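A short write-up of the structure that comes next.
Quantities reported herein were computed from a predicted structural model and do not represent experimental measurements. Index from 1, following the sequence.
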Amino acid sequence: MNQLIECVPNFSEGRDMGIIRQITHEIESTEGVKLLNVDPGKATNRTVVTFVGPPAAVIEAAFRAIRKASELIDMSKHKGEHPRMGATDVCPLIPIAGISMEETAVWAQKLGERVGKELGIPVYLYEAAQKNKERSNLSVIRAGEYESFFKKIKLPEWKPDFGPVEHSVHAGSTVIGARDFLVAYNINLNTTSTRRANSIAFDVREAGRVKREGNPVTGKIVTDAKGNPVNIPGTLKSVKAIGWFIEEYGIAQISMNLTNIQITPVHVAFDEVCKKAGERGIRVTGSELVGLIPLNSLLEAGKYFLRKQQRSTGVSEKELVCMAIKSLGLDELSPFKPEERIIEYLLRDKTKGKLAGMTLTSFADETASESAAPGGGSISAYAGALGVSLGTMVANLSAHKPGWDERWEEFSDWAEKGQAIKAGLLSLVDEDTHAFNKIMEAFALPKGTEPEKKIRTEAIQTATRYATEVPYQVMQLCFDSMSILRAMALEGNPNSVSDAGVGALCARSGVMGAFLNVKINASGLADKSFASEIVEKGKSLEEKARAMETEILDIVNSKIK
């Protein structure tokens with residue numbers, strides 16, 4: 001697997017788009033990296049940039065951007081709501097694929113060393129890149145901010161990891177590190193009070209607040225036996241939070257860093273802030289995402305809010321994302337465009353899913369053209385996808401049927417299973433055509449010399465085997481969908497029983513059609529043992545599908561006489 005890391009530098013400029021564009025140009029002009037997102041904030045006077053690529057390319061792009069920021073941003077004139085200490089305030093690296101956190105930390109150290117040596121900017125390492133865990137926390141390093149660092153940097157315990165022991169008047173100092181994926185997330189309040197927003201932030205953040213005697217604000221700080229302040233922990237683990245007022249919006253916000261969204265997901269943080277705000281007479285009006293978010297975070301949020309409504313969670317990905325956006329109020333302050341804010345959508349290969357993304361008419365036209373693909377395998381997968389979609393529809397209608405409220409979870413579970421099978425079959429619509437094309441590419445290889453003949457023969461066999469396995473996967477998924485269709489015929493909304501029957505017809509057609517492709521491709525395999533085995537398994541699946549279709553149609557016909 002190719003190594004892939006993400007870099008999310010935060011630059012201390014959020015108002016002058018000319019400066020921001022010059023910085024991001026340095027990233028875009030670096031070969032091998034992909035700029036995913038640029039998120040400027042006027043009130044914070046800060047821009048969060050996200051890009052990905054192989055480690056060496058990302059480090060080069062990050063260095064160029066840090067260099068350009070140090071040339072263009074004058075920290076002596078910088079004002080903004082967000083804590084900051086340098087033109088490039090913080091530059092984290094995040095492992096995405098094929099690389100460990102330990103390896104990512106080494107790359108962060110290399111970047112830090114280069115910035116310190118070549119640019120003369122003091123660099124502090126943090127999180128996984130910092131060996132001294134007493135100074136690995138970003139907020140601890142940044143305490144005092146730009147204005148106080150002229151003195152802080154002279155303290156022995158705050159000597160930079162790289163670069164001069166002299167805080168730059170123009171560029172400030174920079175923090176570089178390696179960390180897990182972090183979601184920067186702001187929750188909007190119907191108040192202008194920073195103090196009240198901070199109180200809510202202290203209620204929820206893991207660090208909580210200092211314990212005081214009597215008055216929680218002005219009372220004497222309670223200390224332990226060693227004289228250290230005693231803390232009252234907040235209610236959310238892996239969450240950092242502060243309250244601030246955003247003049248641009250005219251509201252106060254809870255600004256949060258969700259450092260482990262497996263422990264505290266976005267929707268849990270949102271609901272907890274709603275609860276704590278309500279206890280203080282304040283209402284949450286929406287929220288704001290800074291930078292990017294993983295797709296699963298919004299899918300889980302969508303399901304969470306649907307469950308609260310006792311609604312089926314077995315709806316499409318698009319519907320789940322929409323539910324999350326509306327429930328979290330992510331579009332309150334500005335339009336929220338999923339294709340620009342969800343990391344998987346930005347990284348996806350746009351050449352994949354070409355057929356499944358077509359309109360019905362375009363797909364039919366493509367199939368009817370002179371090209372041999374898409375052919376029977378893709379059509380079988382699509383027939384199966386239509387069949388299971390009907391079963392999923394019946395499940396969702398049943399979950400929402402008046403008088404059946406107590407059964408919504410039962411049908412929601414069936415609908416979720418249907419959505420998963422539908423997604424698998426839709427991907428196989430394109431994969432079957434891809435497998436066919438691989439065979440054509442193998443046949444096009446040169447066959448002049450003996451070595452070339454051997455390479456060509458092996459490539460043809462490998463491609464043919466894969467072209468046999470893909471339609472078998474279609475068979476399996478189509479057959480699996482029939483259990484959903486049977487359940488819906490038996491237990492689902494009786495007004496939609498005919499839809500379950502049509503779905504069964506599609507599913508059986510998908511099984512039988514895909515089996516034709518299994519057999520024709522298996523006949524060209526030199527590995528006769530594998531060919532025989534997969535054909536026998538296919539026969540068994542086809543027989544089961546025929547029997548299941550008969551059973552489902554008998555149920556359907558008994559109910560619509």
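- Side-chain contact, Glu344 with Asn296: no donor N or O sits under 3.5 Å from an acceptor N or O.
- With Glu145 contributing its side chain and Glu147 its backbone, the two residues share no donor-acceptor pair below 3.5 Å.
- With sequence neighbours excluded, the residues that form a side-chain contact (heavy atoms from CB on, under 4.5 Å) with Arg195 are Ser193.
- For Asp432, there are no salt bridge (Lys or Arg N to Asp or Glu O under 4.0 Å) partners at least two apart in sequence or on another chain.
- The ring-ring contact (aromatic ring centres under 6.0 Å, His included) analysis of residues 172-205, with sequence neighbours excluded, yields no pairs.
- Side-chain atoms of Glu272 and Thr235 form a donor-acceptor pair, as typed in the model, at a separation below 3.5 Å.
- Pairs of residues two or more places apart, or lying in two chains, that qualify as ring-ring contact (aromatic ring centres under 6.0 Å, His included) and include a residue from residues 107-136 are Tyr124-Phe149.
- Residue pairs meeting the ring-ring contact (aromatic ring centres under 6.0 Å, His included) criterion with at least one member in residues 128-147, sequence neighbours excluded, are Tyr146-Phe150, Tyr146-His167.
- Within the structure, ring-ring contact (aromatic ring centres under 6.0 Å, His included) pairs that include any residue of residues 243-273 comprise His82-Trp244, His267-Tyr304 (at least two apart or interchain).
- By the salt bridge (Lys or Arg N to Asp or Glu O under 4.0 Å) test, Asp331 pairs with Lys326, sequence neighbours left out.
- Remark: Glu452 does not engage Arg456 in a salt bridge, criterion side-chain N to carboxylate O under 4.0 Å.
- No donor-acceptor contact under 3.5 angstrom links the side chains of Asn190 and Arg283, judged on distance only.
- Here side chain to side chain donor-acceptor pair (under 3.5 Å) pairs that include residues 13-26, with residues two or more places apart or in two chains, number zero.
- For Arg341, the salt bridge (Lys or Arg N to Asp or Glu O under 4.0 Å) test picks out Asp39, with sequence neighbours left out.
- Here Thr361 pairs with Thr359, Asp365 under the side-chain contact (heavy atoms from CB on, under 4.5 Å) rule; sequence neighbours left out.
- Annotation: salt bridge (Lys or Arg N to Asp or Glu O under 4.0 Å) contacts of Glu28 (sequence neighbours excluded): none.
- In terms of the side chain to side chain donor-acceptor pair (under 3.5 Å) criterion, Lys42 has no residue partners (sequence neighbours excluded).
- Of the possible donor and acceptor atoms, none in the side chain of Ser238 sits under 3.5 Å from a partner among the backbone N and O of Thr259.
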